[in-house]
Amino acid sequence: MKQVGVTVWFTGLSGAGKTTISRAVELALRSRDYSIEILDGDVVRENLTKDLGFSKEDRYENIRRIGFVAHLLSRNGVIVLVSAISPYREMREEAKNRIKDFIEVYVNAPLAVCEERDVKGLYKKARAGKIQHFTGIDDPYEAPLQPDVECHTEIESVEESVAKVLHKLEAGGYIN
Ligand code: ADP
């Protein structure tokens, strides 16, 4: 039977765990032979949206382009894992409306936890005023009100978070 595509959209603060969970989901699915693609915000910003910054307008454009590519891929049977802060509810709604099969995953960790992790050292820079418009510090993050999946990464293991996502994909009939 032909694989039905879907976009799994991971949203959350920097350091919440989007990349970690999506990579682990990718690994789990690759070993099962599914067509799968990753669109990671940090990587996309080095190519597809290299021209964009972090103003509200540019953030919308960044998400619009990612959403467009995810739409093309998932309508052709690919499981697309998008990992992008995507801080505004409205921009995620736009992506959701464009993409037929869409699962929103809220990767939720308190700001204090993300800041403590400071995986990329960016919170420190933002606090020191070396980076402006940093989500959670001097730029807003609008949490999803009704995400399809919510991962509480300050209390869950990566495996537990991954299992939630795989379970949702199974429930939707996207994987067996
Ligand atoms: P993001 O992609 O959201 O910016 P990262 O995945 O780069 O975040 O970083 C998340 C950090 O949190 C990693 O160091 C990861 O090991 C840690 N972490 C702890 N528990 C979890 C969990 N349940 N899920 C995901 N990441 C976790």
Side-chain angles (χ1 to χ4, degrees), residues 6-31 36-50 52-56 58-60 62-63 65-67 69-70 73 79-89 91-92 95-96 102-128 130-145 147-170 175:
V6 60
T7 292
V8 185
W9 193 286
F10 297 84
T11 174
L13 293 172
S14 176
K18 302 179 295 298
T19 298
T20 305
I21 298 170
S22 61
R23 291 286 171 192
V25 169
E26 179 194 20
L27 251 175
L29 294 181
R30 280 215 194 278
S31 66
I36 178 156
E37 194 52 77
I38 288 245
L39 293 172
D40 189 291
D42 290 338
V43 179
V44 169
R45 275 187 175 277
E46 282 167 20
N47 45 76
L48 182 68
T49 61
K50 199 177 166 64
L52 301 175
F54 292 88
S55 67
K56 191 172 182 181
D58 279 7
R59 285 179 184 276
Y60 264 86
N62 180 45
I63 293 308
R65 290 188 205 170
I66 293 174
V69 176
L73 290 169
I79 297 173
V80 185
L81 306 178
V82 172
S83 153
I85 298 173
S86 40
Y88 295 99
R89 235 168 251 140
M91 60 170 51
R92 297 192 301 268
K96 194 184 298 189
F102 189 96
I103 296 172
E104 185 179 46
V105 180
Y106 178 23
V107 183
N108 185 357
L111 176 64
V113 171
C114 297
E115 207 171 337
E116 171 72 30
R117 288 177 183 161
D118 209 5
V119 189
K120 297 155 215 156
L122 295 175
Y123 282 100
K124 204 166 166 223
K125 284 189 184 161
R127 288 289 185 199
K130 290 179 185 151
I131 308 176
Q132 272 81 44
H133 301 297
F134 197 74
T135 302
I137 305 297
D138 57 351
D139 228 43
Y141 179 76
E142 298 175 354
L145 300 175
D148 301 302
V149 179
E150 186 163 354
C151 301
H152 293 275
T153 67
E154 86 283 17
I155 46 171
E156 282 169 26
S157 67
V158 176
E159 292 70 28
E160 285 171 318
S161 299
V162 169
K164 281 184 174 177
V165 177
L166 293 177
H167 183 76
K168 195 73 191 176
L169 282 167
E170 271 166 27
I175 62 170

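Atoms within a ligand are numbered from 1 in the order they appear, just like the ligands themselves.
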Out of Thr19, Leu122, Asp40, Asp118, indicate the one that has the non-hydrogen atom closest to atom 7 (O) of ligand 1.
Thr19
When rounded to the nearest 0.5 angstrom, what distance separates CD1 in Ile36 from CZ in Arg30?
6.0 Å
Lys164 NZ to His152 NE2 distance, which is reported to the nearest 0.5 Å:
5.5 Å
Counting only nitrogen or oxygen atoms and a 3.5 angstrom limit, does Ser83 reach ligand 1?
no
Ligand 1 versus Leu13, non-hydrogen atoms closer than 4.0 Å: side chain, backbone, both, neither?
backbone
For Ser161, take its heavy atoms, then give the atoms of ligand 1 lying under 4.0 Å from any of them.
23 (N)
protein heavy-atom neighbour closest to atom 20 (N) of ligand 1 works out as Thr153 O, 3.4 Å
Could Arg45 and Phe54 be counted as a cation-pi pair, given that NZ or CZ must be under 6.0 Å from the ring centre and within 45° of the axis?
yes
Where is the nearest protein heavy atom to atom 14 (O) of ligand 1: which residue, which atom, and how far?
Val119 CG2, 4.0 Å
I'd like to check Leu29 versus Leu169 (side-chain heavy atoms, cut-off strictly below 4.5 Å). Are they in contact?
yes
Enumerate the atoms of ligand 1 whose separation from the nearest heavy atom of Ser14 is less than 4.0 angstrom.
4 (O)
For residues Arg59 and Thr135, is any side-chain donor paired with an opposing acceptor at under 3.5 Å?
yes
Give a yes/no verdict on whether any heavy atom in Gly12 is under 4.0 Å from an atom of ligand 1.
no
Tell me, which protein residue and heavy-atom name are nearest atom 5 (P) of ligand 1, and how many Å apart are they?
Thr20 OG1, 3.6 Å
For atom 4 (O) of ligand 1, what's the nearest protein heavy-atom neighbour? Residue, atom name and distance, please.
Gly15 N, 2.7 Å
Could you list the atoms of ligand 1 found under 4.0 angstrom from a heavy atom of Ile21?
24 (N), 25 (C)
Give the residue, atom name and distance (to 0.1 Å) of the protein heavy atom nearest atom 8 (O) of ligand 1.
Gly17 N, 3.1 Å
Taking atom CD as the centre, does Glu160 end up with more than 12 heavy-atom neighbours from other residues, nucleotides or ligands that are less than 6.0 angstrom away?
yes
Note: Cys151, heavy atoms under 4.0 Å from ligand 1, region reported as neither
Using side-chain contact (heavy atoms from CB on, under 4.5 Å) as the criterion, point out the one residue from Leu81, Thr20, Val105 that pairs with Val25.
Leu81
Which residue owns the protein heavy atom closest to atom 23 (N) of ligand 1, what's the atom, and how far is it?
Glu156 O, 2.8 Å
Is there a side-chain contact between Ser161 and Thr153 in this structure, where contact means two heavy atoms from C-beta onward sitting under 4.5 Å apart?
yes
Report yes or no: is the cationic atom of Lys125 (NZ for Lys, CZ for Arg) under 6.0 Å from the centre of the six-membered ring of Phe134, at an angle within 45° of the ring normal?
no
With a cutoff of 4.0 Å, is Val162 in contact with ligand 1, counting heavy atoms of the residue only?
no
Are side-chain heavy atoms of Arg65 and Leu52 found at a separation under 4.5 Å?
yes
Report the part of Arg117 in contact with ligand 1, treating N, CA, C, O as backbone and CB onward as side chain, heavy atoms under 4.0 Å; options are side chain, backbone, both, neither.
side chain
Of the protein's non-hydrogen atoms, which lies at the shortest distance from atom 27 (C) of ligand 1, and what is that distance?
Val158 CG2, 3.9 Å
Treating Asp40 as the side-chain partner and Val44 as the backbone partner, does any N or O pair qualify as donor plus acceptor under 3.5 Å?
no
For ligand 1, indicate whether the residue Lys120 contacts it via side chain, backbone, both or neither (heavy-atom separation under 4.0 Å).
side chain
